[in-house]
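One structure below.
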Amino acid sequence: MKKTIIALTLGGLLSLTSTSLLADAAPQQSIQASAEYSQFTSKRQVVDQLLADAVTAFKSPARISHAGFTAKMPSNMEVVTNRLLEAYQLEPYRTDLLISAANAQIYNKNVDRAIELFEQVLEVAPQDVDAHAYLAVWQHFKGNQAESTKHMMTLKDLNAGRADDIQRIFDTVNRVVATPLKDKQDKEYTGNTAIITLGYALNPDGSMHEILIERLEMTLAMAKQSPDSLIVLTGGVPKNHKTEGKLMADWLVEKGIDRDRIIEDNYARSTVENALYSSYALARHGIEHATLISSASHVRRGQTLFEIASWQTGPKGITFDTVSAVDKPLEELKVPTDGELLGIYRDALRTYGMWSYRSYPLEQR
């Protein structure tokens, strides 16, 4: 095959011709890229630039927040998806690009589109364990139980341990969402206990948002009610050189709480990292029961993720419950919305260890 090398022209990068994502090929022939890239010095440079564009879109603007959900901007996530799929046209062995694009659609709440992309992974790699796990979960979320069961059965044949873990995630989510929300502790726990308060995005000037202060007021009341409980404060997205964890700790100390009771996590950037980082503090102190404090629309996701994180770190047998700072009437939140459930399942898989983005330099658990 003749190759024509022409001077690099990145100006036309984003005008790559849209073609089918999976190139037709005879059974014994190698898969060839279907997009025209002869105007570039090398295919590798094109792919690298597309991924760099995806990273730029992913990071800017970083996030939008409210009490129960922190998400990437929808328009930016469409750019991420498109750049990943354009890169996949050029490198059709890179199924990681399809998985990353599918998860970008999960972030955009377009589960049907994500399912299509995960199924394309199976066209290339029909025994891909992650693809079957994703499809089992998202078909379950959509209520397509027959399809979910089909992928669970395949998963059991390929990797019985993974199938058991996905079923455990289903069972955990079902139990957590069926547990009534409460705005005060209704049971006294004995042994080594902890109170875990989840952070909330600071104001641009580095001051604490009213939502976060509401969570702290509830933390203060519980800390006085349970004077022997460890207090874990988790939140590390900096604003004006300040972090949630540090400001929360200072606030409680000013209200009379002994700093020696407090563990600050000043690094977690998401609920997933809240759970992953704090679980080691719980393990180190042999905590037997922990109460999570967050907004009512957020606590079920928090509890699910902390339970999953503890599977890996222990302590074995640790239990969790939640107390809600009421951002909405609890009766309105009795049944989780599809959006809340989507966030729970998405972040459950991330906490479990299935990375959403796995295409360097766009990598994120």
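One finds a salt bridge joining D250 and K246 here, because a Lys/Arg side-chain nitrogen approaches an Asp/Glu carboxylate oxygen to under 4.0 Å. Salt-bridge check for R350 with D347: passed, with a basic side-chain N closer than 4.0 Å to an acidic carboxylate O. Salt-bridge check for R215 with E244: failed, with every basic side-chain N at 4.0 Å or more from each acidic carboxylate O. Checked for salt-bridge contact, K156 and D164 meet the test: a charged N lies under 4.0 Å from a carboxylate O. Taking a cutoff of 4.0 Å between a charged side-chain nitrogen and a carboxylate oxygen, D321 and K187 do not qualify as a salt bridge.
For the pair R365 and W355, the minimum side-chain heavy-atom distance is below 4.5 Å. T291 is not listed as a side-chain neighbour of T193, based on a closest heavy-atom distance of 4.5 Å or more. Inter-residue side-chain proximity for L305 and N274 is flagged as unmet; no heavy-atom pair is nearer than 4.5 Å. You'll find the side chain of E264 reaches within 4.5 Å of the side chain of R259, heavy atoms only.
The neighbour count for R175 CZ, taken as heavy atoms of other residues, nucleotides or ligands under 6.0 Å away, is above 12.
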| request: Determine, stepwise, if the pair R168 / E307 fulfils side-chain contact (heavy atoms from CB on, under 4.5 Å). | output: CA-CA 11 Å; R168 190 177 180 186; E307 291 198 17; over 6 Å; no

| message | Using side-chain contact (heavy atoms from CB on, under 4.5 Å), reason through Q185 and M218 one step at a time and then give a plain yes or no. | response | CA-CA 10 Å; Q185 189 61 279; M218 184 163 286; over 6 Å; no

| said: Please determine whether side-chain contact (heavy atoms from CB on, under 4.5 Å) holds for the pair Y134 and I99, giving the CA-CA distance in whole Å, both sets of side-chain angles, and the decisive distance to 0.1 Å. | reply: CA-CA 9 Å; Y134 280 123; I99 292 174; 3.9 Å; yes

| field | Step-by-step salt bridge (charged side-chain N to carboxylate O under 4.0 Å, His left out) determination, D112 to K142 | value | CA-CA 8 Å; D112 290 335; K142 292 289 293 184; 3.2 Å; yes

| query | For I308 and T304, what are the C-alpha separation, side-chain angles and deciding distance, and is it a side-chain contact (heavy atoms from CB on, under 4.5 Å)? | reply | CA-CA 6 Å; I308 292 172; T304 300; 4.0 Å; yes

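Side-chain contact check for S279 and S310: no donor-acceptor pair (N or O, by modelled atom type) lies under 3.5 Å. There is a side-chain donor-acceptor pair under 3.5 Å between Q167 and D171. A side-chain N or O of D53 and one of Q49 form a donor-acceptor pair less than 3.5 Å apart. Checked by atom type, the side-chain pair E116/Q120 shows no donor-acceptor distance below 3.5 Å. Using modelled atom types, one finds no donor on one side chain facing an acceptor on the other under 3.5 Å when comparing S356 with N103. With no hydrogens or angles considered, a side-chain donor-acceptor pair links E78 and Q105 at under 3.5 Å.
Evaluated for a ring pair (Phe, Tyr, Trp, His ring centres under 6.0 Å) with H289, the options F320, F306, Y189 yield exactly one hit, Y189.
Using cut-offs of 30° and 60° for the angle between ring planes, the Y345 and F141 rings count as perpendicular. Between H140 and F170, the two ring planes are parallel [angle under 30°; tilted spans 30° to 60°].
If you take CZ on R113 and OG1 on T81, they are separated by 8.0 Å, rounding to the nearest 0.5 Å. Interatomic distance, E288 CD to N192 CG, rounded to the nearest 0.5 Å: 5.0 Å.
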